[in-house]
Participant: 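Have a look at this one.
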Amino acid sequence: MDRVSNKPQDSLYDVAVMAAIRHPLTYRFPPSWTVATGQRVLVPLATRKATGIVLGPTSKLAPGIEVREALRTLDPEPALSPELVRLGLWISDYYLAPPGEVFRAMLPLRQETRRARQVHLTEEGRRKLQELAAGPPEESNTSQDAALLAYLDRRPGASFEILQRKFPDAYARALDEKWVTVEEVKKERSRRQVFAVRLAGPLPEHPPRLSPVAKRIMEALEQQGPAEDHRPLLESARAQLASLRKLGQKGLIELSESGWQGAHSVLRERDAPETAGGTPAPRLTPAQSAVLADLFPRLDSGGFGVVLLHGITGSGKTEIYLHLIARCLERGRSALMLVPEIALTPAMQSLFYSRFGDEVALLHSGLTERERDDAWWRVRHGQARVVLGTRSAVFAPLANLGTVIVDEEHDSSYKQDETPRYHGRDVAVVRAQYAGALALLGSATPSLESYWNAQEGKYHLAKLEERIAGRKLASVEVVDMRQEFRETHTQMPLSRKLEEEIEAQLRASAQTMLLLNRRGYSWFLLCRSCGQTQRCVNCSVSLTYHRREHRLSCHYCGYSTAVPSHCPACGSEYLQYVGEGTEKIEHKFAELFPGARVARLDRDVARRRGEFLRVLDEFRRGKIDILVGTQLIAKGHDFPGVTLVGVLSADIGLGLPDFRAAERTFQLVTQVAGRAGRGEAPGRVLVQTFYPEHYAIRLAADQNYSGFFSKEMGFRRMMHYPPLTALANIVAQHEKLERAAQVAKEMGDFFTKVEAQFPGIKILGPGPAPLAKVERRYRIQFLLKSNSRANLHALLKQLVHHATQSAIQPREIMIDVDPVNIM
Ligand SMILES: [Zn+2]
Ligand SMILES: [Zn+2]
């Protein structure tokens, strides 16, 4: 461990403060403290206190800088090992992210104290309130001001966050005009429970009589959607926890201690089966044995290496992972396995528990703070040596790491879409490198990046080319929907061929899976008089209609609104729902195939506690005949009874302005096809498309990965896209269009100035991002392509430096290195 001696002259340390600050700050530590790299400390920051990670003694300090004294250490031992500190600094450097924000993402630990900013009316504010109350109602600005001031008058000390959310513009004005003051208070963290709250379902037609308090709660939930934390909800509804509990007992709302983070919220440590581990592994196929014979010496050598395991769907990759982990434990080393968000199913967990028992710790975003805390420290103290988790588990504090496994390494959920924008798979490889461990990336449809690395000899390639137990890959047939339309002249989402096949399945009591990668009921609501669609107030996208809630909602920011009876633009009542989502297909199929048991699986279902698991379980047990779903059903599941898979529209996504569109389509179709025929009976796949000749569709139908790889690499080479080119997406973003434009101009000028120094870099932009507005922020985009990663990095470093010089805040400029999505 990097114990740093505490001689008085050594008492200046660099600290990565957990805030949006681009560089570490220097603090003075009292000579009596023992401080080590990786230790959490509490430090003063402007007028508040913040947590930071000690990086090490300060080597040089610019003259004239005032150094403040650190307040205290937060843990008796360093939370992060030097290896993880090094990894964090690599991420900060590579992804150009503020170091403190990286460490915050790495350390899911609870804060000792919570600072709260409470807002009060000033004398000035009271006068303004009276003045506004006396005068006639004027323009909307004034009425917003009045609403804010009246709110504060009723609720002195309301939290800054709530005001900012409720009255974004008025709040900024109130601060400027000094109508309000903000007071910083320290709240000792309470051990009180936090509940997530949501409506139990659509409101019944004749709702029971409710008290005014209960009504306010229901209204708040209606308007704001589910709450992850019950406390702001209580505050805004002026209610007590008891009222929530009462509504829960009446079955009108649901309370959960673990949140609605999706399916995994129910997958908790305490749900772990009782098994103590040590369940014997099934017999390996010769192909599996051969792969392990290749992997074990690499593991035993104790050096770093990366292996890409390209195994077709159903070829038994999981068994390879489990054997590798068992081998690690035998050698006294630890193991880390990452799975995509949704692949962390109970089946996967019980497999881990049955083999490794108490050695297993789960780390994922669906855990409560406390569960995560417990699991984290269990790993930190060496009590659990096998970690199974989603993206951020790549930071699990395992010592003596033997292997890092990334299952479904092509999955885009490994890329974090907020700062720090790291890619879990790529960080896993760097982590393995620092630990001298074996990185194993597994997929049936490897990312182009990984396969390219294997071809270039950077990664070792291992293959599983046959399904276990001699099962055949499903046969795939493409249905040309243009032909279908020419012959039937109807816009049915279901071809006659697929309909016949489903009927045959039902007669044979066999199961069918249908993929439609679009959730909701209808894509949008169109006015037939003026052609307007209902759009999100925060984002430049159409709202999707959800029938269960009978609301329009935004899939980017979560905004939702009631369905208007008339077009808000022209007043016409001719509003039409356009397009089919999974919810509509589920309804249609229930009508089309009476008697069939139809269920749906998508993110909307996954949000409902237990529902996701129930559907998975019932489908596995053959209690559902037809399962309709989005890409969620394509990922990693093993349903032995499925013999027919239909892809309703393979084209969704092909038209998006994203260079990965073909790759995504290929992966999705191949993966979902891989769900068919995993049991005794062979499987069939029907792929409906309007572009039957598109290579992504054709090659996925042939399940021809190498064919797709060479074709797609040709396109990437020609267009200068990854993996042959390093890419960065830079977005100037602000709630005010003028400011976004100003930041973009500042950056554009900078690029023009330095362009000559970086001849191999192409700078595209500025232009409006494909999503020109998201979550109220206008977005102006630059795309940087470089034939040299080192040059691109050097340019971005200069850009960040320039941004700091020009007072551009970190949140005003988004830098996404190796973007997965350039929308
Ligand atoms: Zn209209
Ligand atoms: Zn939105």
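Read the numbers this way: they start at 1 and go in the same order the structure lists the ligands and their atoms.
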Participant: Could you please compute the angle at the Zn ion (ligand 1) from SG of Cys530 to SG of Cys570, rounded to 10°?
Facilitator: 110°

Participant: Where the side chain of Lys785 meets the backbone of Leu764, is there a donor-acceptor pair that is under 3.5 Å apart?
Facilitator: no

Participant: Check for me whether the distance between the ring centres of Phe751 and Phe782 falls short of 6.0 Å.
Facilitator: yes

Participant: Once rounded to 10°, what is the value of the angle centred on the Zn ion (ligand 1) between Cys567 SG and Cys527 SG?
Facilitator: 110°

Participant: Hey, are Glu611 and Arg603 close enough for a salt bridge, meaning a charged N less than 4.0 Å from a carboxylate O?
Facilitator: no

Participant: For Gln809, does its backbone N or O pair with a side-chain atom of Glu812 as donor and acceptor, under 3.5 Å?
Facilitator: yes

Participant: For the metal site, I want the angle between atom SG of Cys539 and atom SG of Cys536 with the Zn ion (ligand 2) at the apex, to 10°.
Facilitator: 110°

